[in-house]
Amino acid sequence: MRKTIIAGNWKMNHTGADAKATITGLVSRVPKDVKSEVIIAPVFPYLPMAVELTKGTPIHVAAQNMHWEESGAFTGEVSPAMLVDIGVDHVIIGHSERRTYFNETDETVNKKVKAALAHKLTPIICCGETLEQREQGIMQSWIEGQIEKALAGLTKADMANVVIAYEPIWAIGTGKTASAAQAEEVCSIIRKKVAALYDQATADDTSVLYGGSVKGKNVAELTGSADIDGGLVGGASLKVDDFMAIIDNAIVK
Ligand code: PGA
């Protein structure tokens, strides 16, 4: 079902003590009856600690990536079964940094999405255009293509467990937030694409997040938009006060 989600993508930040302090701080401050779904995505080594510290709280734990295979000769990789084994319930798939620096493609994204669903992990699938693509006027076809390829082979039932995040590459870590109108335009394009691939009810039930310099001061305008169901937050998810400001100010529709 469609819900408001605030997900913190820690990227390659926080060693153990900082991770522990941040999680403990969030655990003490996120209200038990918080209306949005709150997710944190620390680096792999601290996932078990995150799962342990958030037990019995409304905070969910996500991995930032995974492989699609069960096990085998894939040095440096982590499988979906391993994430499930330690109690993780979400996984970010196809972040633009993975696509840019680690050669992830729409095809590997699709394999990972299918593997996540097969293991009952909720994939948070990222898509987004570069500034160049936006300026060339090919943003819409690019986004629609990414969505179509990421979701290839998924059933309507699968879509109940899929979250999509629109993250314009030009707005990630740059301090340049897409305006609420720009973010809404693309989140609406994504929802229409889901409706075209499945049906309107499926599209209406899909949570579509915006990511790219989300902060406490812009989250209300973003989440107040019809097709934006929350935020995938990088920099502002690293400090308890900053992340709490986003959770507190998000509009739950
Ligand atoms: P940012 O990152 O909030 O630091 O821009 C967002 C993301 O990459 O998920």
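Whatever order the structure lists ligands and atoms in, that order sets their numbers, starting from 1.
Sorted by first and then second residue, the salt bridge (charged side-chain N to carboxylate O under 4.0 Å, His left out) pairs involving residues 55-67 (not counting sequence neighbours) are E52-K55.
Contact residues of ligand 1 (protein heavy atom closer than 4.0 angstrom to a ligand atom; sorted by chain and number): N9, K11, H95, E167, A171, I172, G173, G212, S213, L232, V233, G234, G235.
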Under 3.5 Å, side-chain donor or acceptor atoms of residues 244-253 against the rest of the protein: list the pairs with distances, not counting sequence neighbours.
{"unit_1": "N249", "atom_1": "ND2", "unit_2": "G216", "atom_2": "O", "d": "3.0"}
{"unit_1": "N249", "atom_1": "ND2", "unit_2": "A245", "atom_2": "O", "d": "3.0"}
{"unit_1": "K253", "atom_1": "NZ", "unit_2": "T223", "atom_2": "O", "d": "2.6"}
{"unit_1": "K253", "atom_1": "NZ", "unit_2": "S225", "atom_2": "O", "d": "2.9"}
{"unit_1": "K253", "atom_1": "NZ", "unit_2": "I228", "atom_2": "O", "d": "2.5"}

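Between H95 and E167, the side chains place a donor N or O and an acceptor N or O closer than 3.5 Å (distance only, hydrogens not considered). In summary, the side chains of K192 and S188 do present a donor paired with an acceptor at a separation below 3.5 Å, with no hydrogens or angles considered.
Note on R134 versus E129: salt bridge recorded, some NZ/NE/NH1/NH2 to OD/OE distance being below 4.0 Å.
Residues meeting the salt bridge (charged side-chain N to carboxylate O under 4.0 Å, His left out) test with K149, sequence neighbours left out: D106.
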